[in-house]
Structure formats: structure tokens, C-alpha cells
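First the structure, in the form of C-alpha cells, and then the observations on it.
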Amino acid sequence: DAGLTPLTAFLNADGCPRAFTFTGVVSPTGGKVTLQPVLGPRIKVRAEEFSSAATPLPVLLEVDQPPEGATVLLELGLADGQELKPDVVKRLPFAKTKSVAVKLMSEGVIQFRTTLADLKTTLAVEQLAGTRLLRASLLDSSRKVIAQDTVTVVFDGSAPTGVAFVDPVARARRDLPLPVKATCDPPLSGVKEVRFFVGKPVNDAPPPMAAMTPGEPTDATGRFWTAKLLVGEAKGPTPISVQFTARGGRSSIATITVDLLDAAEFNKPIPGKIIGKVREGTLDQPGMIVILRDAKGAEKARTKTRENGTYEFLDVPPGKYSVFTNKTSTNRSANKVIEVKAAEEVSVILELLL
């Protein structure tokens, strides 16, 4: 009936799991639930929902009330409507694992102990890919199906692709948690987990002693994940990595470098850069001395042009400057006033003129 929820209850007795089975239904309006005993044979198949197919697939079979001479048929394959096209078939000659322990007691007394356990087996699934249906059939002595159960297994040996950090920062304060965001293109099985850590991977895996920070998904597709990473004692240019792991088991890692700074150093303006070239007419001028002066005319740095007439000043604090050069052989010079902003690159072409 609509709104009723099926309920199955198990009772263990004398170390025997599921010695008794009961079923019933739960009404959405509540009330007492009447349980009915299940006396017929039952089978339940359990397997991992996702597998890389790199190793045999472990399978657990829970069988209750099997008749004498019962066997189990396992089939793994593609579902085609009501039909199953098996890739793997395995027959088990019994429905339970039976064992007998014998112990010699005092005065010639022999103690026997018989144990029944659920079946555990594996299926060879190498080279399988995609979604498969695993069906377990409990057969009586005449090979007639008397109980059946199915589960779906996704075989995916692919690792996440396109792993990368999103809008990474070049520098950050080392005394604060580092906000990080990363993305990937999920494989068929999807993303199982994402972990951020400080350091570079070792043999395509996080370093053994690395502290792992789990990521949180920000969208339903599992493509974007974020975290706040504690960097510990790290300082200066530091590798920051992220590991995406698929539900099938394969992983991919991406790494960036972040300059971790103390608060005072971080709050200093980021230096800029000046690049340029010295020309006389259409000719590049190699070996020319280029002088950088501040707004008050004090010399801050000097350099020499390369063979192609280019030059550069690195790590220039933000501010106003003049760039000057002079060629005594032709009595020509060039001077330009510029402003350098934080983290900015300024291009200055110096044309030698009379």
C-alpha cells in the first residue's frame, strides 16, 4: 500500500547470525508493527558499490534457511531488460560454510563444535568497465531457483582528470588558515573524497607524515571542493597539493606553490617590475647604462642593456620613478617619469634623442 515501509528484523541466537527472520510494514502514521516469521529460504548478496577492477571483487553471501543440498549461482554482467548477459559466472557447491572442531577433554570425553558461517568468495573482474548487475541465486537440489538477490557494481579504473586549483593565491599569511579551492572532471564512479595537504606528492601519493585536510563539495556534480588548510610551520615558497580520489579507488594530484609570509611581511606592498628597451632611431642599443631614480632624484638602481637593447629592474617598491640613460658618443639621452604600482609590470621604451 502507498506510504507503507517494508521492515525486516533479524534475531541472532547462540552465536548464529540471523537465526530467525521477521518481516513487517511500518505505517507513516505510526502505531504497533506486527512481525511475521520468515520460514522460507532467503539470500542476500553484498559487494562494494564501486570497484577499480584491478583486483578480484570480494562478495559476501548471507543465506538463511537453505534446504539440504542447496547451492549458489553467482552471475555478474550487463542487464538487458529482464535478461542478464553475464561476463562472469561462478557456482558454489554449498550455501553455508560448515566447520567442525574436535577437542579432547578429560577422562576420554571428546567435544565437538559445529559452526555455520556466511559464504565469502571473490569474482575475477579484471578488464571490466562500466555498470554491471551482480545476481545471487539460491538453488535447491534440483537446480531450481528458490531465492534471489541483486546489487549493482560500477567498475571504474579511471582517475579524476583535469585536477587543478581554482583561483590560487601567490602569497598568504602563514598564521591564518589558507582558503583553497580545487576542481576536477569526475570519472564514471564519481569522486569519493578530496584531501588537501602541505607538500609535494611522493610516488604519486601524499607524503607518509602529511597532515590531510578533507575538502567539502560546493556543487552536486562533485567537480568543485574547498577547504581551509592549516600550514603549520611552513614558511616562504611552499608546495600546496590536492588529491582527488574516485570511488573506484584511483587518484590524481595537483600542486601549486604559495609564498607563506609572516603578517608584517605580508602587509608590505608587493614589489613591481620595470622592463624596457633602449633605441636610437631604429637601432637597438646594447651595453647602455640605465639608471633608476626615485621621485627626489636619488639613484635606486642601475643596470646594463643586453645585446638586443633590453633591460629590467626587479622588485621595485611601489612609487614614482624616473628611468634615465645617456650615450656620450652621440650626445643623446632619454629620461621618462613613471609610476610603479604594487605587483605591476611597467614597460618603458627609452628613445635616445638630442
Side-chain angles (χ1 to χ4, degrees), residues 160 162-184 193-202 204-219 223-245 251-276 290-303 310-323 336-348:
V163 174
F165 281 86
V166 178
D167 299 327
V169 297
R171 57 203 297 270
R173 284 178 54 171
R174 58 189 295 265
D175 60 324
L176 298 177
L178 175 65
V180 284
K181 184 177 183 180
T183 185
C184 81
E193 65 175 359
V194 174
R195 302 187 298 173
F196 295 87
F197 60 95
V198 177
K200 293 182 178 180
V202 178
D204 296 324
M209 301 302 292
M212 312 301 292
T213 299
E216 295 292 336
T218 62
D219 68 325
R223 294 185 62 236
F224 296 94
W225 297 67
T226 61
K228 290 187 177 180
L229 182 64
L230 298 176
V231 300
E233 299 298 319
K235 187 176 182 179
T238 302
I240 304 295
S241 300
V242 60
Q243 180 189 47
F244 279 79
T245 303
S251 297
S252 296
I253 295 179
T255 302
I256 58 172
T257 298
V258 178
D259 194 8
L260 300 175
L261 307 170
D262 291 323
E265 189 176 4
F266 177 80
N267 291 326
K268 291 181 180 178
I270 302 175
K273 178 181 180 181
I274 300 173
I275 61 172
V290 182
I291 300 172
L292 179 67
R293 297 189 175 102
D294 64 16
K296 295 181 179 180
E299 183 176 323
K300 307 305 293 185
R302 64 172 54 201
T303 188
T310 59
Y311 68 92
E312 65 181 7
F313 292 104
L314 304 178
D315 298 325
V316 181
K320 292 184 178 181
Y321 297 90
S322 65
V323 185
K336 280 195 175 182
V337 176
I338 61 169
E339 182 178 0
V340 177
K341 296 181 180 179
E344 183 183 66
E345 181 179 279
V346 182
S347 178
V348 181

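On a predicted model such as this, the values are computed, not experimentally measured, just so you know. For this chain, numbers begin at 1 and follow the sequence in order.
In this structure, L292 and I274 have side chains that are in contact, with non-hydrogen atoms separated by less than 4.5 Å. Looking at heavy atoms from C-beta onward, P206 lies in side-chain contact with I253 at the 4.5 angstrom threshold. Side-chain contact check for F197 versus P207: some heavy-atom pair is nearer than 4.5 Å. Taking 4.5 Å as the limit, some side-chain heavy atom of E345 sits within range of a side-chain heavy atom of I275. Y311 is listed as a side-chain neighbour of V323, based on a closest heavy-atom distance under 4.5 Å.
For the side chain to side chain donor-acceptor pair (under 3.5 Å) test, no residue two or more places apart in sequence or in another chain qualifies with S252. Residues satisfying the side chain to side chain contact (heavy atoms under 4.5 Å, CB included) criterion with P317, sequence neighbours excluded, are Y321. In terms of the salt bridge (Lys or Arg N to Asp or Glu O under 4.0 Å) criterion, E265 has no residue partners (sequence neighbours excluded). Not counting sequence neighbours, the partners of K228 by the side chain to side chain contact (heavy atoms under 4.5 Å, CB included) test are P177. Residues passing the side chain to side chain donor-acceptor pair (under 3.5 Å) test with D219, sequence neighbours excluded: T221. For P168, the side chain to side chain contact (heavy atoms under 4.5 Å, CB included) criterion is met by F165, I256, not counting sequence neighbours. Annotation: side chain to side chain donor-acceptor pair (under 3.5 Å) contacts of R173 (sequence neighbours excluded): D175. For K300, there are no salt bridge (Lys or Arg N to Asp or Glu O under 4.0 Å) partners at least two apart in sequence or on another chain. Checked against salt bridge (Lys or Arg N to Asp or Glu O under 4.0 Å), R302 has the following partners two or more places apart in sequence or in another chain: E299. Residues passing the side chain to side chain donor-acceptor pair (under 3.5 Å) test with T255, sequence neighbours excluded: S241. Applying the salt bridge (Lys or Arg N to Asp or Glu O under 4.0 Å) test to R223 and every residue at least two apart in sequence or in another chain returns D185.
To the nearest 0.5 Å, atoms OG1 (T303) and CD1 (I291) are separated by 11.0 Å. Remark: D204 CG to Q243 CD distance equals 10.0 Å, nearest 0.5 Å. To the nearest 0.5 Å, atom CD of residue E193 and atom CD of residue E216 are 11.5 Å apart. Note that CE of M212 is 9.5 Å distant from CG of L229, once rounded to the nearest 0.5 Å.
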Requested in this report: Determine, stepwise, if the pair V198 / I240 fulfils side chain to side chain contact (heavy atoms under 4.5 Å, CB included).
Outcome: CA-CA 5 Å; V198 177; I240 304 295; 4.0 Å; yes
Requested in this report: Please assess T310 against E312 for the test side chain to side chain contact (heavy atoms under 4.5 Å, CB included), listing each intermediate value before the final yes or no.
Outcome: CA-CA 7 Å; T310 59; E312 65 181 7; over 6 Å; no
Query - Steps toward side chain to side chain contact (heavy atoms under 4.5 Å, CB included) verdict (L230, T213) - result: CA-CA 8 Å; L230 298 176; T213 299; 5.8 Å; no
Query raised in the report: Do V169 and L178 pass the side chain to side chain contact (heavy atoms under 4.5 Å, CB included) test, and can you show the C-alpha distance, the side-chain angles, and the key distance before you say yes or no?
Result: CA-CA 9 Å; V169 297; L178 175 65; 4.1 Å; yes
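Smallest separation of non-hydrogen atoms from G272 and V340: CA-CG1, 3.8 Å. Taking all atoms of both residues into account, the shortest heavy-atom contact from V242 to F244 is CG2-CE1, 3.8 Å. Between A227 and G215 the shortest heavy-atom distance is CB-CA, 4.2 Å.
Enclosure of atom NZ in K200 is not indicated, since only 12 or fewer non-hydrogen atoms of other residues, nucleotides or ligands lie within 6.0 angstrom. Atom CG of N267 is surrounded by more than 12 heavy atoms from other residues, nucleotides or ligands within 6.0 Å.
Listed by first and then second residue, the salt bridge (Lys or Arg N to Asp or Glu O under 4.0 Å) pairs that reach into residues 252-262 are R174-D262, K235-D262, sequence neighbours excluded.
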